[in-house]
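So you know, we letter chains A, B, ... as the sequences are listed, proteins then strands, and number each from 1.
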4 protein chains.
Amino acid sequence: MGAARKDRRAELLGIAGRLFAERGFVATTVREIADAAGILSGSLYHHFDSKESMVDEILRGFLDRLRASYEQVLAERSDPRAALTALVTVSFESMDTDGDAIAIFQNEAAHLAQFERFGYLAEVAAELERCWLGVLERGQRDGVFRADLRVPLVYRFIRDTVWVAVRWYDPEGTLGAEEIAAQYLTILCQGIVAQR
Amino acid sequence: MGAARKDRRAELLGIAGRLFAERGFVATTVREIADAAGILSGSLYHHFDSKESMVDEILRGFLDRLRASYEQVLAERSDPRAALTALVTVSFESMDTDGDAIAIFQNEAAHLAQFERFGYLAEVAAELERCWLGVLERGQRDGVFRADLRVPLVYRFIRDTVWVAVRWYDPEGTLGAEEIAAQYLTILCQGIVAQR
Amino acid sequence: MGAARKDRRAELLGIAGRLFAERGFVATTVREIADAAGILSGSLYHHFDSKESMVDEILRGFLDRLRASYEQVLAERSDPRAALTALVTVSFESMDTDGDAIAIFQNEAAHLAQFERFGYLAEVAAELERCWLGVLERGQRDGVFRADLRVPLVYRFIRDTVWVAVRWYDPEGTLGAEEIAAQYLTILCQGIVAQR
Amino acid sequence: MGAARKDRRAELLGIAGRLFAERGFVATTVREIADAAGILSGSLYHHFDSKESMVDEILRGFLDRLRASYEQVLAERSDPRAALTALVTVSFESMDTDGDAIAIFQNEAAHLAQFERFGYLAEVAAELERCWLGVLERGQRDGVFRADLRVPLVYRFIRDTVWVAVRWYDPEGTLGAEEIAAQYLTILCQGIVAQR
DNA sequence: TATGAATGAGGATTCATTCAT
DNA sequence: TATGAATGAATCCTCATTCAT
């Protein structure tokens, strides 16, 4: 595959991703994607097999990158609190580059995962979950994190809050990913109640 | 409108709501709703004008109830921390009765609000936001909540975490709404880091 | 059939006739008729077998009355010019009582006549045509009407102009049927060109 | 738009126009049009937005042509009688090329004009009316046409008779448009009564 | 690579009609 | 007589996809 062709694919995926994120996968028509790209809908099929294969490619790319980030974080950090901080930060940072894919993943994964083709979504989600659970469990064992909290519940709270932020996080805005991650970590670690 | 007729409407709305929540509004076909109700798709139009009017009725009902709950909470409690606790608890509790509506609101509101008919969604969302912001600001002013946190950010974290829980919260499960609310409030107020 | 029941039928036929005339037979829904009558659509079926049977009854009534008028006119008048005048006048006068039926006959007969049930429409139309042709031919033979005109063409001109007037003729208006008939007969007999 | 594409549109409009004229706009289904064109009903939407846009295009085309003819007639003729003759002749001639559109205009304009989209129908009708009224009034003033006739009534008689002829006029028949126009003008100008 | 005509399945909705109450 | 729930067929239209050019 030539570089030009690869670029065109990436460009089209970017356009499709934005629309999928904005309007939802089902609600986005192939024609809308083509219109946004300035070509006719039939022409999209020179690049992709189907609408499904477009989301597929978008999601796979994002999940591969995220998994790699998480693995690197864990490989470089053994301290639970440092690891947690890094996981959160890395996740928020991914919104700068993969915002649309994250939104799609958040909104559509549950529906898509029902189809065999997207079975891998559940697998990857489980892998990512293991990363977080490992850190939380290790931290609890070491006495770094409170013992009276149910780890799975804590995980879900963290996961949801982090990712759902994609709905309002603006990569161009004044609040950067790092700053938001910091504020979030403060709440998460110390709570919102003033220290006595 | 007779009681029987009202019951049938409610029954059909329940069926539609479940499907909208599970598959998304756009992805749910009128035929699927009718099939689930054991009637023909055309027969649904004896009860409702359109698929849109079904979500409309579902969302209005939920939002009316939620607004009433919030107002009652604030009317009865002046202490910020008590009010926050009550808002969180009431929200989680609403998942027992309005789980589908909440899911629909979470997943579809952004898209629906673009249509004039659903303009009220943004208005109600703003009203609800004011409830939370009021409590948080009062608490910060009184020194109950940390001063170094941005209130709008805190609000979004709370809102998102609370509502996104509808994705995994199971009204029939072993963990009741109150218990989950309590755990969540612990994290939110004290943080996950063990006390020194 | 009781008198009250007969009245109700007539009332409902009047409502249906007005709508058929205004919107067209196909475009008028049974529900619209029922709404206009203040009952539910299903209730109409206590009075009539079908929507078709409603037009049927409307058209039969009108055509019976018209045929009777024409026959009486011809029975009472042997002079071609007097007969023509009377036919035109009687036709315009029928607009006062049968305006809707006339409009329906004008607009829908061609389509309806395709169905066996409405085969009689063509027959009655042919009967009525014979009335006019008889008068015109007799008049031409007697030298009362110009010999250089094709009778069938003249007939069609007369027929069309007379009946199409139902589109703008207003029974409540200042111009009565007789007056309009008189003006029309002037044009028809003397032409619009000023006498030299 | 390529020539081939334009041709296909015109072809499809011709097919649709014939059906609209024969069966009425409402009674003609999109599927019937497609069947007559040898394609599937959905395929029509590759060429036209909707069934409405098809009539729209048909009517606009016809009215534009007719208006242009009328204007040319009036620009070239100042004599009222000559102008009247030309208007009648031109109108009958338009049946050769625009028969279906005329039939549609006659049968559906009243209903269609109720929708905003077809508001222009009333405007064009008024423009055309002005052409005829101008000629008739000028002729009456000049003493060419009888003074005892109401011009608006005369106009309606002419208009209706001319256009309603589309119901029986056959472009392929032995009687050409010019001949019919001539006969019609004889009746209209001199009347059907033999000269004394 | 792209066009544009066409497919075929399926979408929401309408509507005449039926029938138990 | 009337209700109102339901039917079932049909309607207009949409949309992912194909394919000859």
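Under a 3.5 Å cut-off, the side chain of C/N107 and the backbone N or O of C/A103 do form a donor-acceptor pair.
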Are A/L121 and A/E108 close enough, and set up right, to give a side-chain contact (heavy atoms from CB on, under 4.5 Å), and what steps lead you there?
CA-CA 10 Å; A/L121 291 177; A/E108 320 280 354; over 6 Å; no

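Between B/D35 atom CG and F/dT7 atom C1' there is a gap of 14 Å when expressed in whole angstrom units. Straight-line distance from the CD atom of C/E11 to the P atom of F/dT1: 11 Å, rounded to whole Å. A straight line from CZ of C/R23 to C1' of E/dC15 spans 15 Å, rounded to a whole angstrom. The separation between B/L44 atom CG and F/dA5 atom C1' is 12 Å, rounded to whole Å. Rounded to whole Å, the distance from CG on C/L40 to P on F/dT3 is 4 Å.
Annotation: salt bridge (charged side-chain N to carboxylate O under 4.0 Å, His left out) contacts of D/E22 (sequence neighbours excluded): none.
Base pairing in DNA chain F yields stems of at least 3 consecutive Watson-Crick or G-U pairs, both distances under 3.5 Å, namely E:2-21 with F:2-21.
Residue A/R8 has a polar side-chain atom (N or O) positioned under 4.0 Å from OP1 or OP2 of E/dA2.
A salt bridge is absent between A/E57 and A/R60; no separation between the charged side-chain nitrogens and carboxylate oxygens falls under 4.0 Å.
The shortest non-hydrogen separation linking D/F118 to D/L112 is CB-O, 3.3 Å.
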Protein heavy-atom contacts under 4.0 Å, written 5' to 3' over nucleotides 13-21 of chain F as B (base), S (sugar-phosphate only) or - (none), form the string BBSSBB---

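The nucleotide whose nearest atom lies closest to any side-chain atom of D/I39 is, among E/dG4, E/dT7, F/dA2, E/dT7.
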